[in-house]
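Contents: one structure, followed by commentary.
These numbers were taken from a predicted model, which means no experiment stands behind them.
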Amino acid sequence: MTDLDSRPAEPASTRRDRERRAERILDAAGELLVSWGYPRVTVEDVARRAGVGKGTVYLHFSTKELLFLAVLIRAEARIIERFAADVRADPAAVLLSSVARSTYLWVHEEPVFRATLLGDGDTLGTLSRSAAENLPGLLDVRDRALLEHVEVLREHGLVRTEQSPALQVHAYESILTGFVTIEPLSPSAVPALDDNADMIAHVVRSAFELPGRSESVQAAAPRVNEIYQRLLDRLNQEIQRHRRT
């Protein structure tokens with residue numbers, strides 16, 4: 001038996017205290033990201049907002065970049081949880097047009113994503129590069145989830161099959177990204193939020209979808225939900241991996 005094996009287990013109350021402290025740090029970082037933007041926020045600012053020392057922040061997150069990536073991952077996890085709830089309430093939520101509409105609205109409702117995607121372009125670029133460097137496996141898993149989603153819909157006759165699934169995913173993401181990222185460039189010309197969400201759904205429906213029977217939608221929904229549950233599990237694992245509790 002090694003010394004490591006013989007160490008007493010950490011009390012559950014101590015572990016919970018550490019987890020709550022890490023959550024408080026993530027909350028503080030998210031609030032400052034929304035208020036100030038990524039470039040202006042320092043680890044000292046986060047520590048002050050969270051009511052802890054700067055060293056305590058580093059005990060949980062080794063770098064500023066990993067701290068704010070954890071903030072983004074947590075926000076994405078909240079969106080996936082909302083998607084899963086929608087699918088449980090109405091299986092038609094798995095249709096690409098519905099997903100596009102909901103995602104567009106959720107981006108605007110989720111403060112962290114609104115600040116990142118609709119705010120300072122430097123923040124989006126910096127965190128995107130950081131994600132590519134620090135979380136390449138997670139990005140691959142996320143991309144694979146959408147591809148599997150499209151493949152399930154194709155199997156059930158809910159999406160056209162003239163093009164490859166990979167090409168459809170690229171086009172779908174381009175449509176959604178285009179609608180979101182053009183807004184800061186021409187804010188005066190952006191339609192009302194619900195109208196724009198309806199237009200995104202219309203464009204996606206026209207480009208990809210086939211009229212589907214309700215039984216096809218019902219059959220596809222559990223499989224799609226499983227895909228995103230796996231992604232949600234992976235997101236939570238990444239938060240734990242970079243959050244040194």
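Interatomic distance, CD of Q168 versus OG1 of T161, reported as 8.0 Å (0.5 Å rounding). Interatomic distance, CE of M199 versus CZ of F179, reported as 6.5 Å (0.5 Å rounding). To the nearest 0.5 angstrom, E215 atom CD is 9.0 Å from Q218 atom CD. Taken from CD in E238 to CD1 in I73, the straight-line distance is 5.5 Å, to the nearest 0.5 Å. One finds the CZ atom of R18 at 12.5 Å from the CZ atom of R20 (value rounded to the nearest 0.5 Å). Atom CG in L235 sits 4.5 Å away from atom CD1 in I80 (nearest 0.5 Å).
In this structure, the side chains of E209 and L95 come closer than 4.5 Å at one or more pairs of heavy atoms. Contact check for L26 versus F61: side-chain heavy atoms found under the 4.5 Å cut-off. In this structure the side chain of L69 never reaches within 4.5 angstrom of the side chain of R74, judged on heavy atoms. Inter-residue side-chain proximity for F113 and E76 is flagged as met; some heavy-atom pair is nearer than 4.5 Å.
Between the side chain of T116 and the backbone N or O of V112, at least one donor-acceptor pair lies under 3.5 Å. In this structure, the side chain of T56 does not engage the main chain of V52 through any donor-acceptor pair within 3.5 Å. A donor-acceptor distance shorter than 3.5 angstrom exists from the side chain of H156 to the backbone of V152, with no hydrogens or angles considered.
Side-chain contact of D233 with Q229: a donor-acceptor pair under 3.5 Å is present, judged by distance alone.
The heavy-atom pair separating P39 from K64 by the smallest distance is O-NZ, 4.0 Å. In terms of heavy-atom proximity, L33 sits nearest to V71 at CD2-CG1, 4.4 Å. Nearest heavy atom pair, residue V99 against residue A93, reads CG2-O, 3.3 Å. Closest non-hydrogen pair, V41 versus F68, comes out as CG1-CZ, 3.7 Å. A pairwise comparison of heavy atoms in A221 and P91 identifies CB-CB, 3.7 Å as the closest pair. Across every non-hydrogen atom of V46 and A28, the tightest pair is O-CB, 3.8 Å.
Every residue two or more places apart in sequence or in another chain that forms a side-chain contact (heavy atoms from CB on, under 4.5 Å) with D194 is listed here: R101, L105. Every residue two or more places apart in sequence or in another chain was checked for a salt bridge (Lys or Arg N to Asp or Glu O under 4.0 Å) with R24, and none qualifies. With sequence neighbours excluded, the residues forming a side-chain contact (heavy atoms from CB on, under 4.5 Å) with L147 are R144, E151, P165, V169, listed by chain and number. E110 is linked by a salt bridge (Lys or Arg N to Asp or Glu O under 4.0 Å) to R78, counting only residues two or more places apart in sequence or in another chain. Applying the ring-ring contact (aromatic ring centres under 6.0 Å, His included) criterion to F83, with sequence neighbours excluded, gives Y228. The side-chain contact (heavy atoms from CB on, under 4.5 Å) test applied to A100 returns Y172, I200, V204, not counting sequence neighbours. Partners of Y104 according to the ring-ring contact (aromatic ring centres under 6.0 Å, His included) rule, which considers only residues two or more places apart in sequence or in another chain, are H108. Residues meeting the salt bridge (Lys or Arg N to Asp or Glu O under 4.0 Å) test with E162, sequence neighbours left out: none. Remark: R160 engages no residue in a salt bridge (Lys or Arg N to Asp or Glu O under 4.0 Å) (not counting sequence neighbours). A search for side-chain contact (heavy atoms from CB on, under 4.5 Å) contacts involving D143 returns E173, not counting sequence neighbours.
The pair E148-R223 does not meet the salt-bridge criterion, since no charged nitrogen lies less than 4.0 angstrom from a carboxylate oxygen. Between E109 and R114 there is no salt bridge, since no side-chain nitrogen of the basic residue lies less than 4.0 Å from a carboxylate oxygen of the acidic one.
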For this session: For I79 and T103, run side chain to side chain contact (heavy atoms under 4.5 Å, CB included): C-alpha distance rounded to whole Å, both residues' side-chain angles, the deciding distance at 0.1 Å, then the answer.
Result: CA-CA 8 Å; I79 285 181; T103 300; 5.5 Å; no
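The hydrophobic cluster containing V107 also contains L193, counting ILVMFWY residues as joined when their side-chain heavy atoms lie under 4.5 angstrom apart, directly or transitively. Cluster annotation: V203 and L210 are assigned to distinct hydrophobic clusters (Ile/Leu/Val/Met/Phe/Trp/Tyr, side-chain heavy-atom contacts under 4.5 Å, transitive).
Sorted by first and then second residue, the side chain to side chain donor-acceptor pair (under 3.5 Å) pairs involving residues 42-52 (not counting sequence neighbours) are E31-R49, T42-E44, T42-D45, E44-K54, D45-R48. Identified under the salt bridge (Lys or Arg N to Asp or Glu O under 4.0 Å) test for residues 88-97, with sequence neighbours left out: none.
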